[in-house]
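Some notes on the structure that comes next.
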Amino acid sequence: PGSDPFRSLAEQVAQLAPGGSTLQTVDELTARFAGRDDGLSSALGAYMAQDPGAVLIVVDQFEELFTQTGVGQWRQIAARFAANLAHAAADPASPVKIVLTLRADFVATALSVDGLAQLLQDNQLLLGSLTGDKLRDAIVQPAEKVGAFFEKGLVDTIVDDVDTEPGA
């Protein structure tokens, strides 16, 4: 989400707009998301009316809502952002699916935000840290898929450095 989560979301959704993303479209969507709980769902509905399909929204590092949006504002911004996501995904038949990643040390903060607790409580999957071979695979396999390789011993060094660290 960064320091302006509504704009970050608007920049992505604007790509679905007829004629593509423009500065005016991004500005209008930013204001819409910040001002309305149904801003995201209504924008997606309008943009996808002619060509319906599935939409996957991935919000990585969701904790940025709490750390980068400004002291005194984060709770209100997080609540409105969560309301937009919740409204878009409220209907089980909706083509909109949302994936959030959130560090475990921010779960209590997330649960304190109006509307966010309801969104998270029945829709979560907890993942533990990667260790050993799983960590090695997470490092090596993406590189192999694009034909890249690591200097001899580098993967062992990376695994040794982070294997026992929280969130590895």
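The shown structure was predicted, so the numbers you read here are calculated from the model rather than taken from an experiment.
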Inter-residue atom distance Leu119.CG - Gln124.CD, 0.5 Å rounding: 11.0 Å

Asn123 CG to Leu125 CG distance, which is reported to the nearest 0.5 Å: 11.0 Å

Test item: Val55 and Met48 side chains (from C-beta on) under 4.5 Å apart, heavy atoms: yes

Summary of ring-ring contact (aromatic ring centres under 6.0 Å, His included) pairs that have at least one residue in residues 49-80, sequence neighbours excluded: Phe66-Trp74

Cut-off 3.5 Å, no hydrogens considered: what does the side-chain donor-acceptor table look like for residues 145-162, sequence neighbours left out?
from: Asp156; atom 1: OD1; to: Arg136; atom 2: NH1; distance (Å): 3.0
from: Asp156; atom 1: OD1; to: Arg136; atom 2: NH2; distance (Å): 3.0
from: Thr157; atom 1: OG1; to: Gly153; atom 2: O; distance (Å): 3.0

Check: Ala88 main-chain N/O paired with Ser41 side-chain donor or acceptor under 3.5 Å: no

His87 NE2 to Leu44 CG distance, which is reported to the nearest 0.5 Å: 11.5 Å

Can you give me every donor-acceptor pair (side chain of residues 98-111, partner residue at least two apart or in another chain, under 3.5 Å) with its distance?
from: Thr101; atom 1: OG1; to: Asp60; atom 2: OD1; distance (Å): 2.5
from: Thr101; atom 1: OG1; to: Gln61; atom 2: N; distance (Å): 2.8
from: Arg103; atom 1: NE; to: Asp105; atom 2: OD1; distance (Å): 3.0
from: Arg103; atom 1: NH2; to: Asp105; atom 2: OD1; distance (Å): 3.4
from: Arg103; atom 1: NH2; to: Asp105; atom 2: OD2; distance (Å): 2.5

Residue pair Ile77 / Pro5, side-chain heavy-atom distance below 4.5 Å: yes

Gln76, CD atom: more than 12 neighbouring heavy atoms under 6.0 Å: no

Which atom of Arg32 lies closest to which atom of Ser42, heavy atoms considered: NH2-OG, 2.9 Å

Distance in Å, Arg75 CZ paired with Leu116 CG, rounded so as to fall on 0.5 Å steps: 10.5 Å

Nearest-0.5 Å distance, CZ of residue Phe81 to CZ of residue Phe6: 7.0 Å

Neighbour count >12 (heavy atoms, 6.0 Å) for atom CD, Gln24: no

Shortest non-hydrogen contact between Ala14 and Thr25, atoms and distance: CB-CG2, 3.8 Å

Steps toward side chain to side chain contact (heavy atoms under 4.5 Å, CB included) verdict (Val26, Thr22): CA-CA 6 Å; Val26 171; Thr22 66; over 6 Å; no

Pairs flagged by salt bridge (Lys or Arg N to Asp or Glu O under 4.0 Å) wherever residues 78-90 is involved - sequence neighbours left out: Asp37-Arg80

Separation of Leu29 CG from Leu9 CG (nearest 0.5 Å): 8.0 Å

Residue pairs fulfilling ring-ring contact (aromatic ring centres under 6.0 Å, His included) with at least one residue in residues 38-59, sequence neighbours excluded: none

Qualifying salt bridge (Lys or Arg N to Asp or Glu O under 4.0 Å) pairs with a residue from residues 5-29, counting only residues at least two apart or across chains: Arg7-Glu11, Arg7-Asp27

Minimum heavy-atom distance Pro95-Gly53, with the two atoms named: CB-O, 3.2 Å

Heavy-atom pair of closest approach, residues Asn84 and Gly39: OD1-N, 3.3 Å

